[in-house]
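Numbered from 1 within each chain, the chains take letters A, B, ... in sequence-line order. For the numbers below, each heavy atom of this structure counts, side chains included, while hydrogens, waters and symmetry mates do not.
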2 protein chains.
Amino acid sequence: MKLTSKGRYAVTAMLDVALHQNVGPVCLADISERQRISLSYLEQLFSKLRKAKLVNSVRGPGGGYRLAIAAVDISIGAVIIAVNDSVIATQCKGEKPCTPSGRCLTHSLWNDFSKKMQDFLDSVSLGELMANSEVIAISKKQNMVQGLQNDILHTNQLG
Amino acid sequence: MKLTSKGRYAVTAMLDVALHQNVGPVCLADISERQRISLSYLEQLFSKLRKAKLVNSVRGPGGGYRLAIAAVDISIGAVIIAVNDSVIATQCKGEKPCTPSGRCLTHSLWNDFSKKMQDFLDSVSLGELMANSEVIAISKKQNMVQGLQNDILHTNQLG
DNA sequence: TATATACTTGACTAATTTACTCGGGTTTGA
DNA sequence: TCAAACCCGAGTAAATTAGTCAAGTATATA
């Protein structure tokens with residue numbers, strides 16, 4: 001599992017699709033403009049995302065991409081793995097049985113962590129992020145209204 | 001937050017120190033041999049780990065590195081950040097107020113995730129990994145003993 | 001004090017990956 | 001038909017990784 005800006009681009013783009021797909025397929029040109037990612041790079045990323053069955057493509061004018069499944073069913077981990085083709089082969093798999101002086105143990109400890117990491121990334125979905133943000137947005141809005149009301153009250157009391 | 005093989009090397013090396021420091025400071029040459037990481041590369045990594053106050057160095061013959069604090073107090077996140085000097089500056093920080101058409105929202109969603117990720121990495125410590133592994137090791141040992149006993153019983157019954 | 005051990009630092013480099021460009025396709029709605 | 005959009009592969013500059021080399025400096029110990 002690798003986590004670089006490539007994965008960030010992919011997740012960002014997927015979030016963009018999730019946010020805009022209610023008005024039909026989302027075309028890459030729009031994502032490119034909104035998220036400032038080069039069109040050709042997006043093409044490469046979406047080629048992989050499509051092969052991973054995370055999005056469906058609609059060709060021709062008015063076409064674009066749609067999520068292949070619900071946003072809540074798409075994990076961040078799946079998106080990141082989809083665009084990082086080379087799976088890191090960390091563990092000393094058979095070739096030379098690892099010096100008994102500690103290498104295997106350290107590797108197995110790293111694998112423990114790697115597994116935890118994977119589980120974590122699989123447990124967070126695009127949909128969850130969006131839902132969280134809605135809650136926060138609503139809460140912020142309420143605070144603003146509250147603040148405004150306080151201001152009005154305050155003004156009234158003073159004036 | 002970036003997660004590449006550089007971070008893996010750093011965590012692996014720190015685990016090696018944690019596992020061997022009971023017999024005094026651990027020198028880089030030993031880590032290099034056990035974990036198959038080039039000495040010079042380890043020097044670079046430990047220079048950063050030392051600056052991050054995660055290890056202390058002991059110079060001269062018999063010297064090496066020690067954890068600066070207890071293994072349970074060193075998070076994987078801290079180790080990874082220590083060796084990745086360039087913090088990814090994802091968020092559109094002020095420069096141009098982000099097109100209102102969606103960029104800011106997507107970025108803030110990514111930041112939500114990034115925060116979760118950071119919290120997760122901060123929540124796992126070197127010590128925790130080691131403790132887990134001990135439990136697993138003991139359990140494996142018991143299984144082996146059990147298996148051996150079964151073999152003996154079986155042999156006796158047949159012979 | 002001499003000396004070997006081991007950390008410290010910085011400059012340099014090959015290999016790899018990332019992020020991107022270019023130039024062509026193909027599909028399809030209007 | 002035509003233009004919008006996906007599709008595909010080759011190529012490439014920039015960045016990063018992983019590593020080398022060559023000097024140091026500090027210090028335990030003989």
Side-chain angles (χ1 to χ4, degrees), chain A residues 1-13 17 20-21 23-33 35-52 54-68 80 82-90, chain B residues 1-13 17 20-21 23-33 35-52 54-66 68 80-90:
Chain A
M1 173 64 67
K2 247 184 328 183
L3 187 59
T4 64
S5 44
K6 191 177 197 173
R8 191 182 73 239
Y9 281 137
V11 172
T12 302
V17 172
H20 294 93
Q21 69 174 350
V23 291
V26 183
C27 75
L28 295 188
D30 289 355
I31 301 177
S32 172
E33 203 202 327
Q35 308 303 331
R36 301 294 152 88
I37 306 170
S38 93
L39 183 57
S40 310
Y41 198 40
L42 281 174
E43 284 177 349
Q44 285 179 39
L45 295 178
F46 274 82
S47 165
K48 289 179 176 174
L49 292 170
R50 192 173 60 91
K51 278 170 191 158
L54 296 178
V55 293
N56 290 327
S57 66
V58 181
R59 301 179 73 154
Y65 289 92
R66 266 188 238 272
L67 299 188
I80 289 172
V83 297
N84 288 282
D85 28 26
S86 72
V87 176
I88 293 184
T90 323
Chain B
M1 174 62 68
K2 247 183 328 182
L3 187 59
T4 63
S5 42
K6 191 177 196 173
R8 191 181 74 239
Y9 282 138
V11 172
T12 302
V17 172
H20 294 93
Q21 69 175 347
V23 290
V26 183
C27 74
L28 296 188
D30 288 354
I31 302 177
S32 172
E33 203 202 329
Q35 307 305 330
R36 300 293 152 87
I37 305 171
S38 93
L39 183 57
S40 311
Y41 199 39
L42 281 174
E43 285 173 350
Q44 283 178 41
L45 296 178
F46 274 82
S47 165
K48 288 179 178 174
L49 292 169
R50 194 174 60 91
K51 279 171 190 155
L54 296 178
V55 293
N56 290 327
S57 68
V58 181
R59 303 180 72 153
Y65 290 91
R66 263 189 237 273
I80 290 173
I81 283 179
V83 297
N84 287 282
D85 29 24
S86 72
V87 176
I88 293 184
T90 323

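Regarding A:Asn84, its CG atom lies at a distance of 10 Å from the C1' atom of C:dT17, rounded to whole Å. Rounded to whole Å, the distance from OH on A:Tyr41 to C1' on D:dA13 is 14 Å. B:Tyr9 places its OH atom 12 Å from the P atom of C:dT16, with the value rounded to the nearest Å. Rounded to whole Å, the distance from CG on A:Leu45 to C1' on C:dT17 is 14 Å. For the pair B:Leu42 CG and C:dT9 C1', the computed distance is 16 Å after rounding to whole Å. Computed from coordinates, the B:Lys48 NZ to D:dG19 C1' distance equals 13 Å when rounded to whole Å. Note: CG (B:Leu39) to P (D:dC21) measures 12 Å, nearest angstrom. One interatomic measurement links the two molecules: CZ of B:Arg59 to P of C:dT8, which rounds to 5 Å at whole-angstrom precision.
For A:Ser38, whose side chain is taken as the heavy atoms from C-beta onward, the closest listed nucleotide among C:dT21, C:dT18, D:dT17 is C:dT21. If you check C:dT8, C:dT18, D:dT27 against the side chain of B:Pro61, the one that comes closest is D:dT27. Checking D:dA4, C:dC7, C:dT18 against the side-chain heavy atoms of B:Leu28 singles out C:dC7 as nearest. Residue A:Arg50 places its side chain closer to D:dC8 than to any other of D:dC8, C:dC7, C:dT17. When distances are taken from the side chain of B:Gln44 to each of D:dT20, C:dA6, D:dT17, the shortest belongs to D:dT20. When each of C:dC22, D:dC21, C:dT8 is scored by its nearest atom to the side-chain atoms of A:Ser40, the top-ranked nucleotide is C:dC22.
Considering only side-chain N and O atoms, A:Tyr65 lies under 4.0 angstrom from the phosphate OP1 or OP2 of D:dC7. For A:Thr4, no side-chain nitrogen or oxygen approaches OP1 or OP2 of D:dT16 to under 4.0 Å. Residue A:Lys2 places no side-chain N or O under 4.0 Å from the OP1 or OP2 atom of C:dT17.
In this pair, A:Tyr9 and A:Tyr41 present their aromatic rings perpendicular. The plane angle is above 60°, beyond the 30 to 60° band.
Heavy atoms of A:Ser57 sit under 4.0 angstrom from primed sugar atoms or phosphate atoms, though from no base atom.
Below the 3.5 angstrom threshold, one finds a donor paired with an acceptor across the side chain of A:Glu43 and the base of D:dC8.
Although no hydrogens or angles enter the test, the distance criterion places no donor-acceptor pair under 3.5 Å between the side chain of A:Ser32 and the main chain of A:Ser38.
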